[in-house]
Amino acid sequence: MAPSLDPLLRPRTIAVIGATSRKESLGGKITARLFDAGFTGRVYLVNPKQESVRSTRCYKSVLDVPEKIDLALIIVPLAGVLQAVAECLKHGAKAICIITAGFGEIGAEGKALQEKLAAMCREAGARLLGPNCMGAVNNSPAVALDSTFSPSPTLSGPLGFASQSGSLGCAVINLCEERGIGFSQFVSIGNKVDVNENDLLEAWENDDEVPVITLYLESFADADQFLEIARRITPKKPIVLVKAGKTAAGAKAASSHTGALSAGDTGAEALCRQAGIIRADSIGEMLDAALILSRCPLPEGRRVAVLTNAGGPGILAADALAENGLELPPLAEETRSRLRAILRPDASLANPVDMVASAGPQQFRQCLEILLDDPNIDTVMTITVTPPLFCGVYETILEMLPAFRAAKKTAIAVAMAAEEFYGRARTIEGLPPVFHQPEDAAKALARVVAYAERRRLPQRTVRTIAQDDAAIAKLLAKQSARGGGYLPADDTFRVLEAAGLRVAPWALVDTPQDAVREARRIGYPVVLKANGEAIVHKSDIGGVALNIKDDAALEQAIATMRAKLAAAGHAPDTWNLFLQAFRPGGREVIIGSSRDDSYGPLVMFGLGGTFVEVLKDVKFGLTPTAREDAEEMVRSIRAIKILTGARGQAGVDLDPAIEAIEIVARLVREHSSIVELDVNPLLLYPEKGKAIAVDARIRVK
């Protein structure tokens, strides 16, 4: 286990290397922020060229500081960083924060220097934040640490926030101030050569002062570790993530179906889904979800009631809620009766409830209380539009405030008001989540509802699957010794069988005579396939013949296939004949895997067959893969009704597909020489447990 982050996040002594009285410099800004925040420990300033800063003595060197240092802030020019770090470590500093830029972000030389600094800190048993970061904040009254150079101080609040971008961190501080939500801890991780998002997740996992974790990341330091830690945390507290870099413009080309389909953002999407992380598309959406998470109980379900004083916003809210998978159920008759007693006859008692423009603050409060009592409702969204005829938005929110505070259910507000309202409202203690538009509120609520549903599910565990690893390793090693590439068809099916997949009976032959003999052994009807390393998409060049029913048909199919492959440029000595039992019927699905530089082996599920890359109706998952992860992949493809039954066709049993995903995930996880794998198609049937793999490719590095 890595050393504690307490010296970084809860220091008692701080040395500022590069402190200065020049207000426009980073050293000056950080020094001022430390003092202005009211840090509860002791601060030592180091600058050989100044006697004092803010009436505090400056030491010529950190070696002159009279006591041991928990945290050293390095704010010196690049050329002086190495010496500064060495002196801090010599003096016994337990944590180093390097604000200075010019390291790995600018090239190989800078990367080599930051790796050297990281090695120095590891050897000394010290933690290193950065380099190229903007520092950290801990707003706990017991600490009161702000070592950043943000233009404005952070509001105190419930969020733990880690940012890979310092400048974006500054923007987040400003956005939080606009929304009236603050941080318990804020950490800019910069180039994260040591302290990274995984360290912070572990530090915040059991920290009651950090009830909501928010992250902005451009890359994962260790995706495996991140998944493991996040899976522990999300059943206890939410993690909201903005992961940049969705397009992956430089994604490498791949020859298999799975490799071609896995480019881009699939790894991050799978990680968030399997870890139970709330993924937001923007910083604003991250903070919107955090508002609800930090100020409301988790929703018990998807049922929402909308209360408004204007019809148009109510319709917009209804559309937005439905588009985000939420429900607007009919209100209970008792609820409608209670509403009818206090509203005008022309008010709408459907859901949304339109009180009409004449409704005043008291009616808003009364109706909110009534809707919160409705057993058919999990969340209430109020929409207050300005200018109402008889009241202001601010006064209406104040009147509803006791009902919001007392609510045992999720209750959020939309205030379609001038910006002046939000400036005043942020000062209200116990303010509910307030949004500018119903669309933003609906999207944030949907993310929170999905998290709440996931949190109520049992913890996911990865099953132990027995496989013949020795046999698999031997087959893979043989192909690696040949220089890698695609396994021969016979070895491919041997690997699948050793892994635990059921495959259609098969035989590899060279001559028509051998083919006839083996076809009789397997039993007609059979399938004939061309088998060669250079033949990837067999059906495109006439390399597949189906439903061959007798010897004569088989001999004719062989002759036809040889002619077609010759025309396609495949010499007879570059391929041979692969026979397999023909299994009619069944729904075709694909199960595959490819390796990602950041996420390791991914597994894939989707509709199979020749059009898999055209339809792109697939889902990816990370390994290790729990059964629940596999089932989620299967049931979340767009065309799931084709498998479960549509247009009068019976559905197929999905359990064999779920188990096959687990088998493939375990196979590629344990055997790192497998670069790509496609089982396409795996045939699924209505009969319980019936499934069979009829074609596959495995590429070995």
Side-chain angles (χ1 to χ4, degrees), residues 291-292 295-297 299-322 326-417 421 425 428 430-442 444-445 449:
L291 265 178
I292 299 176
R295 295 183 182 176
C296 298
E300 290 294 326
R302 294 180 166 263
R303 304 169 301 175
V304 184
V306 176
L307 175 67
T308 180
N309 62 342
I315 297 170
L316 289 175
D319 285 343
L321 290 165
L326 302 177
E327 304 166 6
L328 281 86
L331 302 176
E333 186 53 44
E334 182 182 352
T335 300
R336 294 165 60 87
S337 177
R338 292 173 65 190
L339 291 172
R340 193 178 294 114
I342 60 174
L343 292 177
R344 287 168 49 115
D346 54 346
S348 171
L349 303 184
N351 188 10
V353 176
D354 181 3
M355 301 186 297
V356 304
S358 60
Q362 277 194 331
Q363 287 173 302
F364 259 102
R365 175 181 54 77
Q366 291 170 328
C367 290
L368 172 58
E369 292 170 341
I370 291 169
L371 291 174
L372 286 169
D373 285 341
D374 192 313
N376 295 338
I377 298 302
D378 303 305
T379 296
V380 179
M381 176 193 297
T382 66
I383 306 176
T384 315
V385 181
T386 188
L389 297 179
F390 303 110
C391 64
V393 175
Y394 184 80
E395 291 74 20
T396 301
I397 292 291
L398 279 182
E399 178 67 26
M400 289 191 291
L401 203 57
F404 278 116
R405 288 173 176 166
K408 298 291 192 296
K409 296 180 180 179
T410 312
I412 61 178
V414 175
M416 302 180 74
F421 160 79
I428 299 175
L431 188 70
V434 179
F435 297 87
H436 288 67
Q437 303 293 336
E439 296 88 346
D440 296 335
L445 178 61
V449 167

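Reckoned from all heavy atoms, side chains included, excluding hydrogens, waters and symmetry mates. What you are looking at is a predicted structure, and each value in this text was computed from that prediction instead of being measured.
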Quick check against the 3.5 Å criterion: does [X] have a side-chain atom that pairs as donor or acceptor with the backbone of [Y]?
| X | Y | value |
| --- | --- | --- |
| Asn309 | Val385 | yes |
| Thr410 | Pro297 | yes |
| Asn351 | Pro329 | yes |

Any heavy-atom pair between the side chains of [Y] and [X] that's under 4.5 Å?
| X | Y | result |
| --- | --- | --- |
| Leu371 | Leu339 | yes |
| Leu401 | Pro432 | yes |
| Asp378 | Val449 | no |
| Ile292 | Ile412 | yes |
| Glu399 | Phe364 | no |
| Arg295 | Leu431 | yes |

Of all heavy-atom pairs between [X] and [Y], which one has the smallest distance, and what is that distance?
| X | Y | result |
| --- | --- | --- |
| Asn376 | Ala332 | ND2-N, 3.6 Å |
| Pro299 | Leu445 | CG-CD1, 4.2 Å |
| Pro438 | Ile383 | CB-CD1, 4.2 Å |
| Met381 | Ala441 | CE-CB, 3.9 Å |
| Ile377 | Lys409 | O-NZ, 2.7 Å |
| Ile342 | Cys367 | CD1-SG, 3.7 Å |

For this session: Could you check Val306 against Leu328 for side-chain contact (heavy atoms from CB on, under 4.5 Å), going step by step and ending with a plain yes or no?
Result: CA-CA 8 Å; Val306 176; Leu328 281 86; 4.0 Å; yes
Problem set entry | Stepwise salt bridge (charged side-chain N to carboxylate O under 4.0 Å, His left out) check, Asp374 with Arg303 | CA-CA 11 Å; Asp374 192 313; Arg303 304 169 301 175; over 6 Å; no
